[in-house]
Amino acid sequence: MKTNRAVRTPGGLSVRLDARALTVVVLLLLAVLTASVVLIGTGDFPIPAADVLRTLVGEGNAGQEFIVTELRLPRVVVGLLVGASLGLGGALFQSISRNPLGSPDVLGLGQGATAGALTMIVLFSGSANQVALGALAGGLVTGFAIYALAWKRGVHGYRLVLVGIGVSAVVTAVNGYLLTKSDIVDAARAVVWMTGSLDGRDWDQVWPLLALCAVLVPLVLVNSRGLRMMEMGDDVSYALGVRVERVRLLLMLSAVLLTASATAAAGPVSFVALTAPQLARRLTRSPGPNLVPALVMGATLLVTADWVSQRAFGADQLPVGVVTGVLGGVYLLWLLVTERRAGRI
C-alpha cells in the first residue's frame, strides 16, 4: 500500500507527503508536548497538568506563575531546543556520511565544543556566557578541521567518519590535559559542565539558541531536496543539477552550528544526535534523511530523559547527560551488533 502523496500548491510548487512519516511526526509532537507539561509540573512543589496549562495561558496564581514561567519553563524550552538541534544535526551528519555512526558524538564535535569550554574555564576562569562562546568556537574549529582533513576531491562518508574519530581522540587528549592543569575548583566546575545538564537553565540560554534555530532549521529544510539527491551518490546528484559541494558544505556548517550551540547551552549531552535519527527512520520506515522526524524525536528523547533524571532516582537526581549516556550506550552496542550481522561493518 502506497503512503506517498504529491500535493501541488496554487503557486505550482509540488510537495511530496509521506502519510506514515506525517503520522509519526504528529504523534511525536503530542508526546513531546505531553512530556513537557508533565515535566513543568514536576519538582519539590508539584503542579497538576491542568494548572500548568492554565498558568501557561496566563490564568494561574502568582506562585504558579513564578514557578512555571521563571523556574521550570526555561529549562524545558532549553531541553526542547537542545534535543531538536542535536536530532537535526545528527540526521544531517548521518545523511552526508551515509553512515549510521556518522553522528557528532562519534565525529568529535562534542569533544571539540568541550575543549573550547574547558579553555575558557581552566585558562581564563570565564563566566557562563564566555564558556558558552568558547564551546561554540571549539565546535566550529573542530568541524572545520574535520572537513579540511577529510577533503580529497570532495568529502566522502567513511573518510569523514574515520577522520572524525581521529580528531575526536586528539581533542579528548587535549581535554584531559586541560583538566590536569586546572585547580580543584575549576576542575570541579569543568566536570559538572562536561556531564551535560539542564540544571539552572534560564531565559538567557533560551533566546540565543532559539534565534539560531529560527535561522538554521528553515535553511536546512530548504536544502533537504539536495541532501536527498546526494544520498544516491555525487555523480547522480550532479546530473540532477545539485551543486554537491556547495550544498554539503552549507549543511555541514549548519549541523556544526546546531551541535555546537546545543552543547554551549547544556553541555555535551551524549548520544541524542546518534539515536534520534535512527529511531525516527525506523518509525517512519522512509528513505532519505528524515530531518523533521529526527528533529522532533531529539526533542522528545531529551525532555523524557530529563523527566527520568528527576523522578526515577528519588532525591539523587542525575544530570540528563548521564541518562542519555546510559541509554545511548546500550543503543550504540545494539546498532554495532546489528550492522555487523548485516555485514556492513
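Sequence positions, counted from 1, serve as the residue numbers for this chain.
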Answer with yes or no whether the hydrophobic clustering places Met194 together with Leu109; edges join I, L, V, M, F, W, Y residues whose side-chain heavy atoms lie under 4.5 Å apart. no
Which atom pair, heavy atoms only, marks the closest approach of Val82 to Ala266? CG2-CB, 4.0 Å
Cluster check Phe144, Val170: I/L/V/M/F/W/Y, side chain < 4.5 angstrom: no
In this structure, which one of Leu71, Val77, Val68 forms a side chain to side chain contact (heavy atoms under 4.5 Å, CB included) with Ile40?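 Filter result, single survivor: Val68.
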For the hydrophobic clusters of this structure (ILVMFWY residues joined by side-chain heavy atoms under 4.5 Å, transitively), does one cluster hold both Leu29 and Leu291?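 Leu29 and Leu291: one cluster.
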Can you tell me if Ser182 uses its side chain to pair, donor with acceptor, with the backbone of Leu179 under 3.5 Å? yes
Would you compute the distance between atom CD of Glu59 and atom CG of Asp51 and round it to the nearest 0.5 angstrom?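 Interatomic distance, Glu59 CD to Asp51 CG, rounded to 0.5 Å: 11.0 Å.
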What distance do Leu56 atom CG and Ser36 atom OG have between them, rounded to the nearest 0.5 Å?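 One finds 10.0 Å between CG of Leu56 and OG of Ser36.
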Got a sec: does the CG of Leu333 have more than 12 other heavy atoms crowding it under 6.0 Å?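 It does: Leu333 CG has more than 12 such atoms within range.
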Output the distance between atom CE (Met297) and atom CG (Leu279), rounded to the nearest 0.5 Å. 5.0 Å
Are Tyr177 and Ile121 grouped together when hydrophobic residues (ILVMFWY) are joined by side-chain heavy atoms under 4.5 angstrom apart?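 No; Ile121 is not reachable from Tyr177 via cluster members.
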Any chain of hydrophobic side-chain contacts (each under 4.5 Å) joining Val269 to Leu327?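 In one cluster: yes.
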Kindly check if the number of other-residue, nucleotide or ligand heavy atoms within 6.0 Å of CH2 (Trp203) is above 12?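 Count over threshold, so yes.
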For Ile146 and Leu107, which heavy atoms make the closest approach, and how far apart are they?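 That closest heavy-atom pairing would be CD1-O, 3.1 Å.
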Are the side chain of Asp105 and the backbone of Ser270 linked by a donor-acceptor contact shorter than 3.5 Å? no
Quick one: OG1 on Thr34 to CG on Leu30, what's the gap to the nearest 0.5 Å? 6.5 Å
How many angstroms lie between CD1 in Ile67 and CG in Leu73, if you round to the nearest 0.5 Å? 13.0 Å
Give, for atom CG of Leu88 and atom CG of Leu221, the distance between the pair rounded to the nearest 0.5 Å.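 It is 7.0 Å, given to the nearest 0.5 Å.
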Shortest non-hydrogen contact from Leu136 to Ser261? CD1-N, 3.8 Å
Start with the C-alpha gap between Arg75 and Asp306, add the side-chain angles, then the distance that decides, and say whether side chain to side chain contact (heavy atoms under 4.5 Å, CB included) holds. CA-CA 10 Å; Arg75 173 181 179 142; Asp306 193 30; 2.7 Å; yes
Please identify which of these residues, Pro277, Ser103, Pro104, meets the side chain to side chain contact (heavy atoms under 4.5 Å, CB included) condition with Phe93. Pro104
So Trp193 and Thr263, side chain to side chain contact (heavy atoms under 4.5 Å, CB included) or not? Walk me through it. CA-CA 10 Å; Trp193 188 90; Thr263 305; 3.8 Å; yes
Side chain to side chain donor-acceptor pair (under 3.5 Å) between Asn290 and Thr284: does it pass, once the steps are laid out? CA-CA 8 Å; Asn290 285 282; Thr284 61; 2.9 Å; yes
Go through the steps to decide whether Asn175 and Gln111 satisfy the test side chain to side chain contact (heavy atoms under 4.5 Å, CB included), and finish with yes or no. CA-CA 8 Å; Asn175 292 341; Gln111 290 84 345; 4.2 Å; yes
Of the options Thr23, Val296, Leu33, Leu301, which is the one that meets Leu28 in a side chain to side chain contact (heavy atoms under 4.5 Å, CB included)? Val296
Could you check whether any side-chain N or O of Thr195 sits under 3.5 Å from a backbone N or O of Val191, counting only pairs where one atom can act as donor and the other as acceptor? yes
Nearest heavy-atom pair of Ala294 and Ala91: which atoms, and what distance?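 What the structure gives for the nearest pair is CB-CB, 3.7 Å.
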For Thr304 and Thr300: C-alpha separation, side-chain torsions, deciding distance, then whether side chain to side chain contact (heavy atoms under 4.5 Å, CB included) applies. CA-CA 6 Å; Thr304 304; Thr300 305; 4.1 Å; yes
Using every non-hydrogen atom in the two residues, find where Gly108 and Ser168 come nearest and quote the distance to one decimal. CA-CB, 3.6 Å
Smallest heavy-atom separation, Ala132 atom then Ala264 atom, equals O-CB, 3.3 Å
